[in-house]
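For the numbers below, each heavy atom of this structure counts, side chains included, while hydrogens, waters and symmetry mates do not.
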Amino acid sequence: MSSALELYEARLSYIRFLDGAVEIHFSYAYIHKTRGGPAGIPATGWSQEAVLSLVRPQVAEPLPPLPNSIIDGYLEVDGTRFELIPLPFERESSCLLHLEFSDGTLLHVSGEHPSIELLGEKVFL
């Protein structure tokens with residue numbers, strides 16, 4: 001079984017810059033658990049907080065107002081676009097995060113070494 005974080009309808013609550021890195025905090029993200037890979041047969045799902053971390057970030061200004069809900073987006077790593085990001089997720093590559101929000105604003109962040117950490121308790125839906 002495999003898990004994946006879905007960007008659609010996730011809620012971004014804050015962006016924090018720390019010592020040459022950025023933390024992008026999702027206060028709500030839907031996690032899929034499937035049989036046969038992220039696009040496989042759905043088995044279960046839950047919501048959980050998550051943090052996407054990047055080093056050496058470059059952020060396009062202006063930043064969107066937060067908190068905000070995502071209506072579309074992807075994380076591109078090594079030429080592959082992920083709308084469902086496989087978990088666990090940690091790469092040694094450069095990446096681009098593109099998010100579109102419900103209020104029409106955008107977020108573009110590029111960086112290196114993307115990783116995702118799940119936080120808190122699972123809330124089964």
_What I'd like to find out is whether the side chain of Leu52 reaches to under 4.5 Å of the side chain of Ser115, using heavy atoms alone._
no
*OG/Ser53 to CD1/Ile24 distance, rounded to the nearest 0.5 angstrom?*
8.0 Å
*asked:* I'd like to know if Tyr8 and Tyr28 are part of one continuous hydrophobic network [Ile/Leu/Val/Met/Phe/Trp/Tyr, side-chain heavy atoms within less than 4.5 Å].
replied: no
*side-chain contact (heavy atoms from CB on, under 4.5 Å) between Val59 and Ile15: does it pass, once the steps are laid out?*
CA-CA 10 Å; Val59 180; Ile15 299 170; 5.8 Å; no
*Hey, could you give me each pair passing side-chain hydrogen bond (donor to acceptor under 3.5 Å, both in side chains) that has a residue in residues 116-125? Not counting sequence neighbours.*
none
*Who pairs with Phe82 by ring pair (Phe, Tyr, Trp, His ring centres under 6.0 Å), at least two apart in sequence or on another chain?*
Phe89
*Is it true that the side chains of His25 and Glu49 contain a donor and an acceptor less than 3.5 Å apart?*
yes
*asked:* For Gly20 versus Pro57, what's the shortest heavy-atom pair and its separation?
replied: O-CD, 3.4 Å
*Please assess Val123 against Trp46 for the test side-chain contact (heavy atoms from CB on, under 4.5 Å), listing each intermediate value before the final yes or no.*
CA-CA 5 Å; Val123 178; Trp46 63 88; 5.7 Å; no
_Taking Phe17 as the starting point, is it possible to reach Leu54 by hopping between hydrophobic residues whose side chains are less than 4.5 Å apart?_
yes
*Quick one: does Ser13's side chain get under 4.5 Å of Leu66's, heavy atoms only?*
no
*Sequence neighbours excluded, which residues qualify as side-chain hydrogen bond (donor to acceptor under 3.5 Å, both in side chains) partners of Tyr74?*
Arg81
*asked:* Working to the nearest 0.5 angstrom, can you tell me the gap between His98 NE2 and Leu7 CG?
replied: 10.5 Å
*asked:* For the CD1 atom of Ile85 and the CG atom of Leu75, what is their distance to the nearest 0.5 Å?
replied: 4.5 Å
*Which pair of heavy atoms, one from Gly73 and one from Glu83, lies closest together, and at what distance?*
O-CG, 3.3 Å
*Mind checking the CZ-OG spacing from Phe26 to Ser47? Nearest 0.5 Å is all I need.*
14.0 Å
*Apply side-chain contact (heavy atoms from CB on, under 4.5 Å) to Leu99 and Leu106, showing your working.*
CA-CA 6 Å; Leu99 299 176; Leu106 300 173; over 6 Å; no
*asked:* Ignoring hydrogens, what is the shortest heavy-atom contact between Ala4 and Leu87? Give both atom names and the distance.
replied: C-CD1, 4.0 Å
*Lys33-Ser3 side chain donor-acceptor pair, cut-off 3.5 Å*: yes
_For Thr105, give me all partners under side-chain contact (heavy atoms from CB on, under 4.5 Å), at least two apart in sequence or on another chain._
Pro64, Pro65, Asn68, Phe101, Asp103
*Taking everything shown except Tyr14 itself, do over 12 heavy atoms lie less than 6.0 Å from its OH?*
yes
*asked:* Which heavy atom of Gln48 sits nearest to which heavy atom of Gly120, and what is that distance?
replied: NE2-O, 3.2 Å
*asked:* Suppose we screen for salt bridge (charged side-chain N to carboxylate O under 4.0 Å, His left out). Which residues come up paired with Glu112, at least two apart in sequence or across chains?
replied: Arg56
*Hey, what do you get for CD1 (Ile31) to OG1 (Thr44), rounding to the nearest 0.5 Å?*
11.5 Å
*Drop me the distance from Ser102's OG to Asp72's CG, to the nearest 0.5 angstrom.*
12.5 Å
*Ile71 reachable from Leu5 in the ILVMFWY side-chain graph, under 4.5 Å edges*: no
_Under a 3.5 Å threshold, yes or no: a donor from one side chain and an acceptor from the other, between Arg11 and Ser27?_
no
*Could you tell me which residues satisfy side-chain hydrogen bond (donor to acceptor under 3.5 Å, both in side chains) with Glu9, sequence neighbours excluded, listed by chain and number?*
none
*What's the verdict on side-chain contact (heavy atoms from CB on, under 4.5 Å) for Val51 and Leu119, showing C-alpha distance, side-chain angles and the deciding distance?*
CA-CA 8 Å; Val51 172; Leu119 307 172; 3.4 Å; yes
